[in-house]
Amino acid sequence: MSKLTTNPTVLQWIDEKLDLVKPDKVVWIDGTTEQLKALRQEACASGELLKLNEELLPDCYLHRTAENDVARVEHRTFICAENAELAGPTNNWMDPAEAYELLYGIAKNAYKGRTAYVIPYSMGPVGSPFSKAGVELTDSIYVVLNMAIMTRVGKAVFDALGDSDDWVRGLHCRCDIDEKKRYICQFPQDNTIISVNSGYGGNVLLGKKCFALRIASYQGWKESWLAEHMLILGVENPRGEVKYICAAFPSACGKTNLAMLIPPESYLKKGYKVWCVGDDISWIRKGPDGRLYAINPENGFFGVAPGTNEKSNPNALASTKKGTIFTNVVLNNQNNTVWWEGLDKNPPTDAVDWKGRPWNGMESAEKGAHPNSRFTAPAVNCPCISSEFENPAGVPISAFVFGGRRAKLAPLVYQAFDWNHGVFVGSIMASETTAAASGAVGVVRRDPMAMLPFCGYNMADYWQHWIDIGATLNDGKAPKIFNVNWFRKNDDDAFMWPGFGDNLRVLQWILDRCDGKADAVETPIGFLPHAEDIDLEGIEDEVSLDDLRAMLDVDPALWLSEADGIAAFYAKFDGKVPGEMQAALDALRAKLA
Ligand code: GTP
Ligand code: SPV
Ligand code: MN
């Protein structure tokens, strides 16, 4: 079969790796409809995929992973940079030579009796100045088919790459899915990723977190751009003007939901629209006019299934109605469709749970879908996909928004005093952990810029990089920076803010601030809205002005103890935290005291 490229750096790397893993057969993925169709058939024949109801869910499939392989594994994820300081105190580090020896030992003969798939893919529209190429070598059809949804795959990628050496090498071996030998290793200085003993999402779709965040954040540091764990959405006002916002929330904290939100009734009536450019990752560069522009490097959504329903996120649900691969959800035997907790109030009674066992949704005490079960859906399916989705120049960013799950501390929204204070606000993000990574759920942990598991180099250098990028932006051109918290709870442990579509009410205040149209109150943590300036039309019964005031409350005692937590976190960086941020922390403490 044709090798699809004559690029000597690609051919040499592939030859070397094939010699290591020793497949029976090699298939180069050209991305054609016929080839992908044949692979789907093969995966159905082997049981790797299960074909769903063609009438109700055309071209949709179900896959179940091993029970020990259902989320990212941060404790087995390594940044293999030249020295430990380059990786920094928030990453696991392994010496590159040691890592290669260990991983090549595991990968040796790993494809015996299996087929090797060579996937050329582009992160970003092929040929965009933002975009970068990657090649993933894998022994999993599931990976091929997911990559073909999540990225731009095929020969055009090699054509655009030419003979360049600027591409990311990715080796994936399923091996025995042995969690004790599972490693997700990034070699930022070699543009290389090696992932072994997993078959799950973020561990094996190497274009996503491994490349588009861990490797790309390092590239951005060297090449003066930013790779961020951020959604991109456009808010169109009744005059037809669209303003774009990038927002960073930790995993399973609402990026997909915000990116596709349906405006509240009162906003729809006035003519507001929301457009989705991306739901997880942004690559950001300074444009010719001096503003920051962002692209979504992905081509699909790898979204959390549980909680996705007709009311919470109809656009995400609509995106999953064709050409979608579901992972670890419930199979409804009655009509060969899928179900998950929070889809509707009628769980199937004749069903199969995510572990492959018979399941009756009316009787079983156990959940049918894994809490981190996901759908892989093509972006073009999304009813509110932005007309700028394929724009190689990206979209201009008006505001950056940070946020997380904080039951008590953080107010509904506040604005940073200026760019550098905004970097501080991003750096002090913390959130209650979710099922998106293995480990305890609901524990507060610091997650700067939602990048804790994804920053490919020392977080202190990353903060300095943010400060440096800000310094290149002229006054008035820099996006304004905000923090939001949709997850504040009252004393009855209930969410205080309705969230979802109603989050547009908060985005409205954010955009008004960017336009100089809304007033604010200065507090020790930043600028807060007057409660009257958050539009409650249509939800007055649900949220009173007093409720809103409670959500906007800044408790100095809580914040002082938070400041201690921040100081302890900063102390891990051995004096490397940029002076601007240390000064912002000192100022916060002084104002609170
Ligand atoms: P990753 O794909 O892991 O990066 O997650 P994500 O940030 O895209 O999170 P997603 O939008 O999938 O939301 C995860 C969970 O948060 C779902 O269970 C949602 O129902 C819930 N959620 C999202 N937005 C809101 C909100 O505004 N309020 C509340 N209370 N829950 C929300
Ligand atoms: C996340 O955990 O932030 C995800 C899912 O988007 S994964 O691709 O598994 O990283
Ligand atoms: Mn994510």
Side-chain angles (χ1 to χ4, degrees), residues 65 69-74 77 143 146-147 150-151 184 195 198-214 228-233 247-262 276 278-282 296 298 300-309 311-313 315-317 319 327-328 340-343 369-377 401 403-407 412-413 431-439 441 447 450-454 484-489 493-507 551:
T65 64
D69 190 28
V70 293
R72 287 181 291 100
V73 280
E74 295 176 5
T77 299
V143 167
N146 275 272
M147 285 293 282
M150 293 306 297
T151 72
I184 318 298
S195 162
S198 175
Y200 180 80
N203 298 332
V204 299
L205 308 178
L206 300 186
K208 197 172 178 59
K209 296 299 165 50
C210 303
F211 177 174
L213 288 178
R214 296 194 191 102
E228 298 298 330
H229 194 200
M230 289 178 171
L231 66 92
I232 312 167
L233 65 73
F249 310 147
S251 301
C253 289
K255 288 182 300 301
T256 302
N257 276 273
L258 190 68
M260 300 178 191
L261 80 80
I262 304 253
C276 172
D279 80 324
D280 199 48
I281 299 176
S282 297
N296 169 13
E298 300 189 282
F301 310 117
F302 187 60
V304 178
T308 305
N309 61 52
K311 192 163 174 287
S312 67
N313 195 345
N315 285 320
L317 198 60
S319 306
T327 301
N328 292 343
W340 50 76
E341 278 68 26
L343 174 64
H370 188 275
N372 192 39
S373 55
R374 301 243 168 191
F375 53 80
T376 316
V401 178
R405 290 178 186 258
R406 291 311 291 267
L412 180 61
V413 57
S431 193
E432 291 143 24
T433 49
T434 66
S438 62
V441 166
D447 189 352
M451 284 289 278
L452 183 77
F454 307 121
V484 298
N485 179 20
W486 315 140
F487 299 92
R488 192 136 157 181
K489 287 184 170 174
D493 207 39
F495 291 121
M496 299 169 84
W497 177 246
F500 301 99
D502 289 311
N503 292 334
L504 182 58
R505 301 169 189 279
V506 174
L507 299 186
M551 286 175 236

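No experiment lies behind these values; they were computed from the predicted model shown. As the structure lists them, so they are numbered: ligands from 1, and atoms in each ligand from 1.
- Taking the six-membered ring for Trp and thresholds of 30 and 60 degrees, Phe249 and Trp486 have ring planes more than 60 degrees apart, a perpendicular arrangement.
- When only modelled atom types and interatomic distance are considered, Thr256 and Asp279 share a side-chain donor-acceptor pair under 3.5 Å.
- A donor-acceptor pair shorter than 3.5 Å can be found between the side chains of Asn146 and Thr376.
- Distance check, rounded to the nearest 0.5 Å: CG of Leu258 to CG of Asn313 gives 10.0 Å.
- Of all protein heavy atoms, the one lying nearest to atom 9 (O) of ligand 2 is Gly202 N, 3.0 Å.
- None of Asn503, Asn485, Asp502 except one satisfies the side-chain hydrogen bond (donor to acceptor under 3.5 Å, both in side chains) rule with Trp497; the exception is Asn503.
- Near Ala436, with a cut-off below 4.0 Å to any heavy atom, the atoms of ligand 2 are 2 (O).
- To the nearest 10 degrees, the Mn ion (ligand 3) sees NZ of Lys209 and NE2 of His229 at an angle of 90°.
- Note that CG of Leu206 and OG of Ser195 are 5.5 Å apart. Values are rounded to the nearest 0.5 Å.
- Counting heavy atoms under 4.0 Å from ligand 2, residue Asp280 touches it through the side chain alone.
- Taking distance alone, with nitrogen or oxygen atoms compared against 3.5 Å, Lys209 approaches ligand 2 more closely than that limit.
- Below 4.0 Å from some heavy atom of Tyr200 lie the following atoms of ligand 2, by number and element: 9 (O).
- Tested against Lys209, the residues Asp280, Asn203, Ile184 include a single side-chain contact (heavy atoms from CB on, under 4.5 Å) partner, Asp280.
- Between the side chains of Ser251 and Arg72, at least one donor-acceptor pair of N or O atoms lies under 3.5 Å.
- Nearest to atom 5 (C) of ligand 2 by heavy-atom distance, out of Arg374, Met150, Arg72, is Arg374.
- No donor-acceptor distance shorter than 3.5 angstrom exists from the side chain of Arg405 to the backbone of Pro250, with no hydrogens or angles considered.
- Interface atoms of ligand 2 facing Lys208, defined by a heavy-atom separation under 4.0 Å, are 6 (O), 8 (O).
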Per-pair distances, ligand 1 N/O vs protein N/O, less than 3.5 Å:
| residue | atom | partner | partner atom | Å |
| --- | --- | --- | --- | --- |
| ligand 1 | 2 (O) | Arg374 | NH1 | 2.7 |
| ligand 1 | 3 (O) | Ala252 | N | 2.9 |
| ligand 1 | 3 (O) | Arg374 | NH1 | 3.4 |
| ligand 1 | 3 (O) | Arg374 | NH2 | 2.8 |
| ligand 1 | 4 (O) | Lys255 | NZ | 2.8 |
| ligand 1 | 4 (O) | Asp280 | OD1 | 3.0 |
| ligand 1 | 5 (O) | Ala252 | N | 2.7 |
| ligand 1 | 7 (O) | Cys253 | N | 3.3 |
| ligand 1 | 7 (O) | Gly254 | N | 3.2 |
| ligand 1 | 7 (O) | Lys255 | N | 2.8 |
| ligand 1 | 7 (O) | Lys255 | NZ | 2.7 |
| ligand 1 | 8 (O) | Lys255 | N | 3.4 |
| ligand 1 | 8 (O) | Thr256 | N | 2.8 |
| ligand 1 | 8 (O) | Thr256 | OG1 | 2.9 |
| ligand 1 | 9 (O) | Cys253 | N | 3.4 |
| ligand 1 | 9 (O) | Gly254 | N | 2.9 |
| ligand 1 | 11 (O) | Lys255 | N | 3.4 |
| ligand 1 | 11 (O) | Thr256 | N | 3.1 |
| ligand 1 | 11 (O) | Asn257 | N | 2.9 |
| ligand 1 | 11 (O) | Asn257 | ND2 | 2.8 |
| ligand 1 | 13 (O) | Gly254 | N | 3.4 |
| ligand 1 | 13 (O) | Asn257 | ND2 | 3.4 |
| ligand 1 | 16 (O) | Arg405 | NH2 | 3.2 |
| ligand 1 | 27 (O) | Phe500 | N | 2.9 |
| ligand 1 | 27 (O) | Asn503 | ND2 | 3.0 |

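- Heavy-atom neighbours of Lys489 NZ from other residues, nucleotides or ligands within 6.0 Å: above the threshold of 12.
- The N, O or S atom of Asp280 with the smallest distance to the Mn ion (ligand 3) is OD1.
- Of all atoms in ligand 2, numbered sequentially from 1 with element shown, those under 4.0 Å from a heavy atom of Ser251 are 1 (C), 2 (O), 3 (O).
- Taking a cut-off of under 4.0 Å to the non-hydrogen atoms of His229, the atoms of ligand 2 that pass are 3 (O).
- For the pair Arg374 (side chain) and Phe302 (backbone), a donor-acceptor distance under 3.5 Å is present.
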